[in-house]
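Scroll down for the structure; my scribbles are underneath it.
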Amino acid sequence: MAAIVFPYRNTSSRLGIECRIISVMGTDISGFIECRAFHFHEESDSVWRAAIDLFFLNVDKDYDAFGCLFGVRNYANFRPLAADRGLPADASGTVRAELDRFAHHSTTWITWAELKEVDWDEPAEKADSRLHEYRQTAHGLRLVGKGAWSPRFAQAVGLPEEARGQAQEWPEGSEWLIGDTLYRSVRIRRRDAVPETGEWKPVWTVMEALASRHGDDNVRLVVWFDD
């Protein structure tokens with residue numbers, strides 16, 4: 001099958017347009033759900049305590065979620081919910097001790113009260129920087145991956161090798177059928193990045209359970225990242 005090729009916008013610096021380098025190193029998330037519980041016998045405000053380590057909730061590399069929630073690896077171009085807020089001034093001793101153990105970046109936090117107000121149907125601000133790749137199956141098109149660079153695609157549309165690692169901007173909805181693969185420029189929604197029944201569901205379940213006892217503003221997620 002012959003390649004069907006449509007025009008594209010090249011954002012390389014040679015054309016005087018902003019260029020963004022996409023790193024190939026992996027990024028991991030760490031963190032804790034914290035809770036602030038008040039008790040009648042306490043004379044002053046209760047302190048924040050670490051409730052559970054994200055390690056036990058099996059949160060893995062999930063760049064769409066990282067970008068949507070915290071602005072890290074934001075290839076999907078979301079308006080982050082809580083980016084670069086830093087460590088809360090009243091963070092628990094457990095969280096502070098854990099942060100002292102390893103190199104990290106992009107520390108931030110978000111409360112359950114904020115998460116409850118999220119519009120999960122909100123789309124990203126523009127199309128994904130990665131083209132989505134589909135294959136035809138008996139049940140229709142199936143998403144098989146998305147990436148910032150495909151040698152096969154680059155050859156078909158005439159992208160030079162020096163463009164590897166540079167973000168390309170494609171008009172939303174543009175499609176290229178190359179062999180048996182359909183490449184499409186897609187703008188995703190928050191619920192696509194963080195599905196209701198996806199791997200973040202255990203995190204939300206724990207936060208919701210704690211908030212039902214202690215209040216929405218008294219439960220928060222504190223996270224940080226390492227490469």
Side-chain angles (χ1 to χ4, degrees), residues 11 18 20-34 52-88 95 104-134 143-149 167-174 183-208 210-211 216-217 219-227:
T11 60
E18 181 180 0
R20 179 160 55 89
I21 303 300
I22 294 181
S23 172
V24 297
M25 293 179 63
T27 298
D28 295 301
I29 189 172
S30 300
F32 282 82
I33 294 172
E34 290 188 318
I52 186 169
D53 191 325
L54 280 187
F55 171 81
F56 295 109
L57 300 176
N58 295 323
V59 176
D60 202 355
K61 286 185 176 70
D62 187 350
Y63 293 164
D64 284 344
F66 292 178
C68 171
L69 298 171
F70 309 116
V72 174
R73 296 280 182 171
N74 193 12
Y75 304 139
N77 297 307
F78 282 105
R79 176 185 61 82
L81 297 178
D84 295 318
R85 291 180 170 180
L87 181 68
V95 167
H104 59 275
H105 62 83
S106 305
T107 303
T108 192
W109 56 274
I110 189 169
T111 67
W112 180 245
E114 293 174 292
L115 286 165
K116 283 181 64 176
E117 297 302 316
V118 173
D119 176 8
W120 296 104
D121 288 318
E122 181 184 351
E125 295 184 306
K126 59 182 179 179
D128 199 325
S129 298
R130 306 154 301 179
L131 288 175
H132 294 211
E133 301 177 21
Y134 300 85
L143 179 66
V144 295
K146 45 190 168 182
W149 181 263
Q168 308 293 329
E169 290 187 8
W170 317 97
E172 181 182 353
S174 298
Y183 297 84
R184 179 182 291 163
S185 176
V186 177
R187 181 161 58 148
I188 67 175
R189 301 171 301 164
R190 292 197 188 278
R191 70 172 62 258
D192 300 319
V194 189
E196 184 177 357
T197 59
E199 70 171 25
W200 284 82
K201 180 176 174 58
V203 179
W204 308 150
T205 299
V206 171
M207 294 183 74
E208 183 177 32
L210 289 169
D216 295 345
D217 288 315
V219 178
R220 69 188 177 197
L221 176 63
V222 182
V223 300
W224 55 92
F225 299 83
D226 66 272
D227 298 327

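Quick caveat: nothing in here was measured; it's all calculated off a predicted structure.
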Under the salt bridge (charged side-chain N to carboxylate O under 4.0 Å, His left out) test, residues paired with E125 that sit two or more places apart = none
Once you round to the nearest 0.5 Å, how far does CG of L143 lie from CZ of R184?
-> 9.5 Å
So, do I188 and F78 sit near enough that their side-chain heavy atoms are less than 4.5 Å apart?
-> yes
Side-chain contact test, heavy atoms from C-beta onward, threshold under 4.5 Å: evaluate it for W224 versus D226 and give yes or no.
-> no
Here the pair of heavy atoms bringing E199 nearest to D60 is OE2-N, 3.2 Å
E34 side, atom CD; M207 side, atom CE - distance, nearest 0.5 Å = 10.0 Å
If we only count heavy atoms from C-beta on, is the F70 to L221 side-chain gap below 4.5 Å?
-> yes
Within-4.5 Å side-chain heavy-atom neighbours: S185 and D128 | no
Residue of the set L54, I52, L57 for which side chain to side chain contact (heavy atoms under 4.5 Å, CB included) holds with P202 = L57
Quick one: pull up CD in E208 and NZ in K116 and give me the separation to the nearest 0.5 Å.
-> 7.5 Å
Can you tell me how far NZ of K126 sits from CD of E172, rounded to the nearest 0.5 angstrom?
-> 12.0 Å
Is R73 close to D227 at the side-chain level, that is, under 4.5 Å between some pair of heavy atoms?
-> yes
Counting distance only, does the side-chain N/O of R187 pair as donor-acceptor with the main-chain N or O of A124 below 3.5 Å?
-> yes
Parallel, tilted or perpendicular: which describes the rings of Y75 and Y63, with under 30° parallel and over 60° perpendicular?
-> perpendicular
If you look at every heavy atom in I33 and V203, which pair is closest and at what distance?
-> CD1-O, 3.9 Å
What are the two closest heavy atoms between A193 and C68, and how far apart are they?
-> CB-CB, 4.0 Å
W109 backbone acceptor or donor facing R85 side chain under 3.5 Å = yes
Please identify each residue that fulfils side-chain hydrogen bond (donor to acceptor under 3.5 Å, both in side chains) with D53, with sequence neighbours left out.
-> none
T108 and D84: side chain donor to acceptor below 3.5 Å | no
Between T111 and D216, is any side-chain donor less than 3.5 angstrom from a side-chain acceptor?
-> no
When rounded to the nearest 0.5 Å, the distance separating CH2 of W204 from CG of L115 is 4.5 Å
D64: partners by salt bridge (charged side-chain N to carboxylate O under 4.0 Å, His left out), with sequence neighbours left out = R130, K146
Relative to each other, are the rings of F66 and W200 parallel, tilted or perpendicular (30° and 60° limits)?
-> perpendicular
If we only count heavy atoms from C-beta on, is the H104 to S30 side-chain gap below 4.5 Å?
-> no
State, with a plain yes or no, whether a side-chain heavy atom of T27 is found less than 4.5 Å away from one of K61.
-> no
Kindly indicate whether the side chain of L81, heavy atoms from C-beta on, has any atom under 4.5 Å from the side chain of I110.
-> yes
